[in-house]
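The structure under discussion appears below in the form of structure tokens.
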Amino acid sequence: MSTAGLGTTPHPDAEPGSRTDLALDGHGLLVEDVVRVALRQGTSVGLAEAAATRMARSRELKRALLATGQPIYGVTTGFGASADQQISVGKTAELQRNVLRFLRNGTGPLAPPDVCRATLLIRANCLARGSSGVRPLIVERLLDLLRHDVLPVIPERGSVGASGDLVPLGYLAAPLIGEGEVRYRGEVRPAAEVLNELGLDPVELEAKEGLALVNGTSFSAAFAALAVARAAELAELAETGTAMACEALAGNRGHFSAFLHESKPHPGQVTSARRIAGLLTGSHLALDHGQVLGLSDTLGERGYQRLNRSVQDRYSVRCAPHVIGVLRDTVDWVRRWVETEINSSNDNPLFDTATGAVHSGGNFYGGHLALAMDALKVAVANVADLLDRQLALLVDDKSSNGLTAGLVAPVGEDDWAAGLHHGFKGMQLACSAVTAEALKTAGPAGVFSRSTGAHNQDKVSMSPIAARDARTVLDLTREAAAIHLLAACQAADLRGAGQLGTRTGRVYRLVRTLAPFNAADRPMDGDIRAVLGAMLDGSLLRAGSFEDEDEDGPARDEPARDEPAHDEPTRDKPGHDGTSARTVAAR
């Protein structure tokens with residue numbers, strides 16, 4: 001299922017009711033469901049009847065166990081290191097209100113709306129599994145907030161993934177009891193005021209219900225689910241950029257031969273190579289291996305010659321499927337882990353209605369999320385580095401196979417503009433900076449466990465920090481991809497954009513509606529923002545998509561070679577020395 005258009009606003013083509021209702025049961029929630037709800041893409045959500053029945057049974061078991069007078073963690077005992085302090089049943093409701101109060105100590109930027117919606121959905125689904133001892137009302141009220149787009153105001157910092165995401169989930173839960181603040185219709189307002197306006201009464205919490213709301217991994221999982229979908233999109237963006245870089249460099253398309261990659265059949269690598277080859281269908285700029293060889297004379301009887309062109313491209317082009325393929329395969333297993341997490345009971349304690357027992361454990365520990373996000377951000381940062389290296393080849397006339405230095409518009413030596421312009425040199429500096437930041441941020445967070453809570457939480461997961469870092473690395477890598485794509489389009493103009501492949505030509509034409517050819521030095525920050533917008537709203541991926549064609553691309557090792565759109569379309573686009581673009585491409 002395509003995730004194209006995963007940004008912070010609804011897909012432009014989305015319509016209310018465009019998807020059948022989603023009934024939460026604690027078992028079947030997918031990453032794609034989280035994305036649709038997070039972006040308000042026409043998906044209404046309710047509680048499955050079977051889930052409501054399980055929840056009611058779990059609650060009755062809790063009430064029966066309370067009647068025995070036995071201590072139950074977080075229900076008739078204090079929290080964390082205070083688990084040795086038992087309270088009477090009459091105090092349990094106030095204890096649950098208090099847990100939502102003493103945890104609201106978050107700092108830092110506020111979680112964006114998509115993360116807040118995803119967290120509401122995931123927390124509701126985890127409770128719908130029916131092991132937490134809470135009423136269906138709790139899930140229904142979370143879904144009421146989603147339905148009316150009443151979003152709890154949640155500071156991003158304050159959780160180490162210890163007993164789950166206690167601090168941020170304290171903010172998520174506060175509106176249910178009429179406390180805290182919410183974002184509603186573009187304004188931040190007191191939750192009690194908005195609930196009253198909507199005719200929703202604050203919930204009077206029962207024993208365990210406050211703890212069930214805050215004691216879980218749902219905040220980390222919200223970042224993680226959105227990151228998975230964004231990373232899947234990024235792999236496709238990187239393949240599009242790589243195909244265009246290959247054309248811009250008059251590269252060797254033989255590096256994406258099916259035979260090569262089927263000989264090392266990592267699924268992501270094979271898919272990436274196939275997509276790049278498909279993106280190059282119809283290109284008259286990317287060269288077959290035989291064409292590369294034909295650029296030099298035959299050796300004949302001579303014992304040595306210096307070839308006009310290396311028979312192989314540099315690693316950042318030749319090995320692109322091996323780098324992007326790692327991201328694709330990482331996304332696959334990370335998706336499985338995230339979907340297991342968002343369909344789990346991850347609070348403590350849990351009630352087993354089959355045996356009538358209550359179990360204390362540590363399902364709130366976010367270790368799987370932490371490792372998944374640490375791995376994902378490494379794979380993503382490697383793609384940022386790949387694109388940055390390709391950009392370095394494009395702007396350097398020593399490695400670009402005939403492009404101008406800095407991709408400046410070519411002028412004659414006697415022209416006044418000669419020597420005055422530097423083209424994409426500043427863009428490369430910016431790309432290098434965001435890439436460096438992505439690489440720095442890719443360091444693992446999960447190994448930085450901190451003992452907290454009077455050494456009760458003496459080994460913690462760091463899952464929310466890992467997940468937030470993954471989002472940051474993805475944002476930085478998308479910025480690098482936008483700069484890279486602008487450079488590839490500039491180079492295409494220098495080569496002759498009419499010779500681009502069928503799909504890369506569509507991408508080029510979209511980019512040119514957003515950002516013009518750089519004919520003289522000018523600020524390009526607006527160009528970057530425009531291309532980022534096209535990445536976020538999905539239009540860029542749709543421009544180069546395979547959805548209306550055979551996604552397998554060209555036949556095995558025999559790339560299709562469509563005719564150019566126009567006869568000799570580039571004779572009026574000179575290279576830096578006045579030769580035609582076709583001559584430049586053949587160097």
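Bear in mind the structure is a predicted one, so any value in this text is a computation, not a measurement.
The line from CG of Asn215 to OG of Ser345 is 11.5 Å long, rounded to the nearest 0.5 Å. Between the CG atom of Leu485 and the CE atom of Met535 there is a distance of 5.5 Å, given to the nearest 0.5 Å. The CG atom of Leu510 lies 5.0 Å from the OG atom of Ser539; values are rounded to the nearest 0.5 Å.
Side-chain N/O atoms of Ser132 and Asp347 include a donor and acceptor closer than 3.5 Å. Side chain to side chain, Asn346 and Arg123 meet the donor-acceptor criterion of an N or O pair below 3.5 Å. Between the side chains of Ser220 and Asp165, a donor-acceptor pair is found at a separation under 3.5 Å.
Using a cut-off of 4.0 Å between Lys/Arg side-chain N and Asp/Glu carboxylate O, Glu239 and Arg328 are scored as salt-bridged.
For the pair Arg189 and Glu181, the minimum side-chain heavy-atom distance is 4.5 Å or more. The side-chain heavy atoms of Val37 and Leu146, taken from C-beta on, include a pair separated by under 4.5 Å. Residues Val434 and Glu437 form no side-chain contact, since every pair of their non-hydrogen atoms from C-beta on lies 4.5 Å or further apart. The shortest side-chain heavy-atom distance between Ser88 and Lys91 falls under the 4.5 Å cut-off. Annotation: side chain of Val31 is in contact with side chain of Glu339 (closest heavy-atom distance under 4.5 Å).
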> Going through the checks in order, is the side-chain hydrogen bond (donor to acceptor under 3.5 Å, both in side chains) test met by Asp352 and Thr355?
Replying inline: CA-CA 6 Å; Asp352 182 358; Thr355 65; 3.0 Å; yes
> How far apart are the C-alpha atoms of Leu151 and Tyr184, what are their side-chain angles, what is the distance that settles it, and do they pass the side chain to side chain contact (heavy atoms under 4.5 Å, CB included) test?
Replying inline: CA-CA 7 Å; Leu151 303 181; Tyr184 179 59; over 6 Å; no
>> Pair Leu376, Val331 - check side chain to side chain contact (heavy atoms under 4.5 Å, CB included), show working.
In response: CA-CA 7 Å; Leu376 186 68; Val331 165; 3.9 Å; yes
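Residues meeting the ring pair (Phe, Tyr, Trp, His ring centres under 6.0 Å) test with Phe223, sequence neighbours left out: Phe219.
Screening residues 71-84 for side-chain hydrogen bond (donor to acceptor under 3.5 Å, both in side chains) gives no qualifying pairs among residues at least two apart or on separate chains.
Judged purely by atom type and a 3.5 angstrom limit, Asp25 uses its side chain to pair as donor or acceptor with the backbone of Gly28. Side-chain N or O atoms of Lys62 include none that pairs as donor or acceptor with a backbone N or O of Phe351 at under 3.5 Å. Although no hydrogens or angles enter the test, the distance criterion places a donor-acceptor pair under 3.5 Å between the side chain of Tyr171 and the main chain of Gly106.
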